[in-house]
Amino acid sequence: MKQLTALNILKSGQNVFITGSAGTGKTYLLNQFIQYLKERRIYPTVVAPTGIAASHLKGQTIHSFFALGIRDTVVDNGYVEFLLKKSYLKSRFSKLKLLIIDEVSMVSPEIFASMDKVLRAFKNSPEPFGGVQVVISGDFFQLPPVSKEFKEKRFAWQSPVWKALGLKSCYLNEKFRQDDNQLIEILDDIRSGTVSTQSHETLESCFYKELDAKFTPTKLYTHNIDVDRINLEELNKLESTPKTFTYTSKGSAKNIEKIFKTSLVLEELTLKKDAVVLFIKNNPEKGYINGTTGVVIGFEGEIPIVKTSTGAKIRVITEDWTIENDAGEIIATVSQIPLRLAWALTIHKSQGMTLDSAEIDLSKTFEVGQGYVALSRIKNIEGLRLMGLNDRALTIDPLTLRIDEPIKKASLKAAEEIENYSEDELEKSHLNYIKSLGGLTSFVQIEEEKKLLRSGKVAKMKNDTPTQSKTKALIESCSSIKEMAKTRGVTEGTIINHLAYLKKEENSLDLSKFKLKGEKSKHIEQMILKLQQENNKENFSDDGSLRLKPVFDAMDGQASYDEIRLTMLFV
């Protein structure tokens, strides 16, 4: 599926699963969607299983957002009851309308089920995830959940609630990271479960290969102890004068600590001339992205000058890492030079990065997916120097192989469905979705919001928009109660209650297109009029309105409460 097709599905307000091989732009697509929402003053909640993964989309960890502590099992009812007493959680979840879960391959079925259980409780709804719209992204061929013991079920898709969500699958297939057929073939072979002789020979040709002088390879290892040792050793070898950069910050100590835990930024960074470095922030305008490598060629006062592998020379000034609240306002900031030593990194920390070149040691591979993640970080085979490879390095989990083809087929079906929409239908679908979330729909307002976002400001989010007003905004564009309920993500009964409230507030409101049609409608009307004329006090509420139950009983089960409630609007 192309990214534009997937974006159109996302804009239609459905539960979506975004997947695809490494380098197909899953994070880029999510950023496009998030930007689209923010321009309409809608702020989704973004979570991920690890701090590093969460930092790619300025999100937070699942455990932190859902207050799971250190739990890795499904939360029990007692703990959920404990959480329900927390007023700050009530406030947090009451505002939650759209949840984005990134790097889902690392989310265990227990944690996935816990998220569902917590939201059902706080939303007081039996719907999956409490009726909250869920957008999930990740590639199950990449790193799986960390577990100290063997588990038969280890992936989020094995949780029953995954199927209950009715996710639309978007399997991205355009590769933006790799530009080399040889590397693409190797990665595709790993994903197929059978690595060809040709791919093995290509990898063998990379063992201890001398890379072109233009490359400054980042060394990827499976274990932290190797990474820390190599970086310190290499820095100490340099005879030049060290310069140390210490962070500055704004915000509470708790939030500052959270930034450090959920990103690659360092409290203290020591650099020397000729140090190999890695950019840890995206800033294409200045010539680097998260993963660009280079060498410090000197300092301009206190500003390091880095020469990248493309030959560009960049004056590296401080960047900001921030945390936003539910309204999109920045509540904490850490400012630091966006670099870290990059002679070596762990494969785990490299997930999500694009590297110009890499020296990879897979001799101690201990987990499926590690080899795939490491090899898929680089753009082409020219930038690969292989230092070791064990039998586990090129393997993937058989469970992942089993579900890959069904996901691809589901993606083709989803693409066909959305592509059958006319331009008008697609535009209407997107507009209804934004209305259902209480977002901006006026062109002028959206342009103003874009200006605010470009300036680094955000307008205060209005969380007090009455839910009936959001329903009223859909009256003109929706043709049925069912369509309104689907767009709002609520029951048809809730919509009918809203319409009754709105009609009471504004008697001239035209709701005729929602009127029940046919003989049943006439029969219900007659029964309502009959009971009103009988004027039996037991059939009326304190406010003088006819109660539903007497009508339901009189109809002897031939009409539902929703049908009676709807008919009452027009009697």
ask   = Do NZ/NE/NH1/NH2 and the carboxylate oxygens of E257 and K254 come within less than 4.0 Å?
value = no
task = Determine, for K219 against D226, whether the closest basic-nitrogen to carboxylate-oxygen distance falls under 4.0 angstrom.
result = no
remark   = Here the gap from E268 atom CD to T246 atom OG1, rounded to the nearest 0.5 Å, amounts to 4.5 Å
inquiry  = Any non-hydrogen side-chain atom of Y221 less than 4.5 Å from a side-chain atom of I360?
reply    = no
ask   = Looking at R40 and E449, does any basic side-chain N land under 4.0 Å from a carboxylate oxygen?
value = no
key: Side-chain heavy-atom pair D397, F141 within 4.5 angstrom cut-off   = no
request  = State whether the number of non-hydrogen atoms from other residues, nucleotides or ligands found under 6.0 Å of F207 atom CZ is greater than 12.
outcome  = yes
query = Closest approach of L220 and A374, non-hydrogen atoms and distance?
reply = CD1-O, 4.0 Å
request  = Could you tell me the separation between the NZ atom of K281 and the CD atom of E319, rounded to the nearest 0.5 Å?
outcome  = 6.0 Å
inquiry  = Less than 4.5 Å apart, side chain to side chain, heavy atoms only: is that true for W321 and I280?
reply    = yes
task = Verify side-chain contact (heavy atoms from CB on, under 4.5 Å) between F65 and T45, making sure each step is shown before the conclusion.
result = CA-CA 9 Å; F65 184 75; T45 295; 3.5 Å; yes
task = Take R454 and E447, measure what salt bridge (Lys or Arg N to Asp or Glu O under 4.0 Å) needs, and give me the verdict at the end.
result = CA-CA 11 Å; R454 281 195 294 269; E447 289 303 306; 5.5 Å; no
request  = Decide side-chain contact (heavy atoms from CB on, under 4.5 Å) for L99 and V47; before the verdict, give the C-alpha distance in whole Å, the side-chain angles of both, and the deciding distance to 0.1 Å.
outcome  = CA-CA 8 Å; L99 179 68; V47 296; 3.9 Å; yes
message = Aromatic contact between F112 and F155, with the criterion being ring centroids under 6.0 Å apart: yes or no?
response = no
inquiry  = For E201, is the CD atom crowded, meaning more than 12 foreign heavy atoms sit under 6.0 Å from it?
reply    = yes
Closest non-hydrogen atom pair, P44 against L37 = CG-CD1, 3.9 Å
inquiry  = Just to verify, which of Y79, F93, F129 counts as forming a ring pair (Phe, Tyr, Trp, His ring centres under 6.0 Å) with F66?
reply    = F93
task = Examine distances only and state if a side-chain atom of S114 and a backbone atom of V75 form a donor-acceptor pair shorter than 3.5 Å.
result = yes
inquiry  = I'd like to know if the side chain of Q3 reaches the main chain of G25, judged simply by a donor and an acceptor atom lying under 3.5 Å from each other, with no hydrogens or angles considered.
reply    = yes
ask   = Do the side chain of T5 and the main chain of M1 share a donor and acceptor less than 3.5 angstrom apart?
value = no
ask   = Do you see a donor-acceptor pair shorter than 3.5 Å between the side chains of S335 and D320?
value = yes
D189 side chain to S199 side chain, donor-acceptor N/O pair below 3.5 angstrom = yes
F245 and L271, any side-chain heavy atoms less than 4.5 Å apart = yes
message = With a 6.0 Å cut-off on the ring centroids, do F17 and W162 count as close?
response = yes
ask   = Can any side-chain N or O of R385 pair as donor or acceptor with the backbone N or O of K209 at less than 3.5 Å?
value = yes
request  = Give the minimum heavy-atom separation between L362 and Q370, together with the two atoms involved.
outcome  = CD2-O, 4.4 Å
query = Would you call the rings of F366 and H223 parallel, tilted or perpendicular, where under 30° means parallel and over 60° means perpendicular?
reply = tilted
key: Shortest non-hydrogen contact from L394 toward H200   = CD1-CE1, 3.9 Å
inquiry  = Check E267 with R340, please: is the shortest side-chain N to carboxylate O separation under 4.0 Å?
reply    = no
task = Using a cut-off of 6.0 Å, state whether more than 12 heavy atoms not belonging to K2 lie near its atom NZ.
result = no
ask   = Can you tell me how far NZ of K38 sits from CG of N31, rounded to the nearest 0.5 angstrom?
value = 8.5 Å
Under 3.5 Å donor-acceptor, N231 side chain and A344 backbone = yes
key: I256 to S249 - nearest heavy-atom pair and separation   = CD1-CB, 3.5 Å
message = Can you confirm whether more than 12 heavy atoms, excluding those of N236, are under 6.0 Å from its CG atom?
response = yes
task = Could you tell me whether the side chains of T244 and T270 share a donor-acceptor contact shorter than 3.5 Å?
result = yes
ask   = Does a side chain donor of either S252 or N255 reach within less than 3.5 Å of an acceptor in the other side chain?
value = yes
inquiry  = Treating K272 as the side-chain partner and L238 as the backbone partner, does any N or O pair qualify as donor plus acceptor under 3.5 Å?
reply    = yes
task = Kindly say whether A410 contributes a backbone atom to a donor-acceptor pair with the side chain of S169 at under 3.5 angstrom?
result = no
message = I need the L29 CG to I34 CD1 distance, nearest 0.5 Å.
response = 9.5 Å
message = Any non-hydrogen side-chain atom of I111 less than 4.5 Å from a side-chain atom of T73?
response = no
query = Between Q336 (side chain) and L266 (backbone), is there a donor-acceptor pair under 3.5 Å?
reply = yes
ask   = Is there side-chain contact between D404 and R191, with heavy atoms separated by less than 4.5 Å?
value = yes
inquiry  = With a 3.5 Å distance limit and no angle check, can you tell me whether R377 reaches the backbone of V373 through a side-chain donor-acceptor pair?
reply    = yes
query = Below 4.0 angstrom, N of the basic side chain to O of the carboxylate: do K307 and D274 qualify?
reply = no
request  = Would you confirm whether T322, through its side chain, and A332, through its main-chain N or O, come within 3.5 Å as a donor-acceptor pair?
outcome  = no
ask   = So is K243 actually on top of F299's ring, under 6.0 Å and inside 45° of the axis?
value = yes
message = Nearest 0.5 Å, please: how far is CG in L339 from CG in L269?
response = 6.5 Å
ask   = Quick one: NZ on K26 to CD on Q142, what's the gap to the nearest 0.5 Å?
value = 5.5 Å
message = Set out, in order, the CA-CA distance, both residues' side-chain angles and the distance that settles side-chain contact (heavy atoms from CB on, under 4.5 Å) for D356 and T308, then state yes or no.
response = CA-CA 9 Å; D356 300 310; T308 68; 5.7 Å; no
request  = Could you pull out the closest heavy-atom pair between V132 and N15, with the gap in Å?
outcome  = O-OD1, 4.1 Å
query = Taking it one step at a time, do I186 and I381 satisfy side-chain contact (heavy atoms from CB on, under 4.5 Å)?
reply = CA-CA 10 Å; I186 293 170; I381 208 74; 4.0 Å; yes
request  = Evaluate the side-chain proximity of T24 to Y171: yes if any heavy-atom separation is below 4.5 Å, no if none is.
outcome  = no
key: Flag side-chain contact, heavy atom, 4.5 Å: F33 against V135   = yes
